[in-house]
Amino acid sequence: MGAKLAGPGGGKTVEQNSDINVTPFVDIMLVLLIIFMVAAPLATVSIRLDLPPPNPTPTEEPEEPVYITIQESGSLFIADQATTLETLPADVCAALGGGECREERLFIRADAEVKYNAFMEVMNTLQENGFFKVGLLNEDIT
């Protein structure tokens, strides 16, 4: 803290100076800044990364999905082929090309006026025959 002597001739009255001297604070901050600027690059650890190539190989196009359509009258269609509830699993496998047809995803779309039990009969028939990957489609009517 600094002191100021008042009056001409150096009288004995002492008045305190309440101003903060920030010069030492600024000096310390600049020294710390320089230390951190020098020390920061030394503290980094380099890790070797094996990154994938920038242009990955293109993936296969997914096959055209199989759509099962339920109309208001209760008739069933696989793509454009008419089917019945009894022959539905065999017709679905035929539409998928055989093989592991039960692992493929199916999509069901139904008319808005289809009765719930007709829809659930199709779902139950598919599940009883091992078709568990079933997606439901809706259409936004605006």
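Numbering of residues begins at 1 and proceeds along the displayed sequence. Keep in mind that this is a model prediction, so the values were computed, not measured. Hydrogens, waters and symmetry mates are skipped; everything else that's a heavy atom, side chains included, is used.
Rounded to the nearest 0.5 Å, atoms CZ (Phe77) and CD1 (Ile68) are 13.0 Å apart. Separation of atoms CZ (Phe131) and CZ (Arg105) is listed at 13.5 Å; rounding is to 0.5 Å.
In the hydrophobic clustering of this structure, Phe119 groups with Leu106; members are Ile, Leu, Val, Met, Phe, Trp, Tyr whose side-chain heavy atoms approach within less than 4.5 Å, directly or through other members. Both Ile108 and Leu76 belong to a common hydrophobic cluster when Ile, Leu, Val, Met, Phe, Trp and Tyr are linked at side-chain heavy-atom distances under 4.5 angstrom. Linking Ile, Leu, Val, Met, Phe, Trp and Tyr residues whenever their side-chain heavy atoms come within less than 4.5 Å leaves Leu32 and Ile34 in two separate clusters. In terms of hydrophobic clustering, with Ile, Leu, Val, Met, Phe, Trp and Tyr side chains grouped at heavy-atom distances under 4.5 Å, Leu126 and Met120 are assigned to a common cluster. Note on Val134: it clusters hydrophobically with Ile78, by side-chain heavy-atom contacts below 4.5 Å among ILVMFWY residues.
When side chains are defined from C-beta on, Tyr67 counts as touching Leu137, because their heavy atoms get closer than 4.5 Å. Within the 4.5 Å cutoff, no side-chain heavy atoms of Asn129 are placed close to those of Leu88. Looking at Gln81 and Asp91, their side chains never come closer than 4.5 Å, going by heavy atoms from C-beta outward. Inter-residue side-chain proximity for Ile70 and Asp111 is flagged as unmet; no heavy-atom pair is nearer than 4.5 Å.
No more than 12 heavy atoms of other residues, nucleotides or ligands sit less than 6.0 Å from atom CD1 of Ile20. The 12-atom threshold is not exceeded at CG of Asp80, counting heavy atoms of other residues, nucleotides or ligands nearer than 6.0 Å. By the 6.0 Å contact criterion, CG on Leu42 is enclosed, its count of non-hydrogen atoms from other residues, nucleotides or ligands being greater than 12.
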message: Under the criterion side chain to side chain contact (heavy atoms under 4.5 Å, CB included), I'd like the reasoning laid out for Leu136 against Met123: C-alpha separation, chi angles, the key distance, then a yes or no.
response: CA-CA 10 Å; Leu136 304 177; Met123 287 290 291; 4.2 Å; yes
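Looking at every heavy atom in both residues, Leu85 comes nearest to Pro89 through O-CD, 4.1 Å. Here the shortest heavy-atom pairing between Cys93 and Arg102 reads SG-NH1, 3.1 Å.
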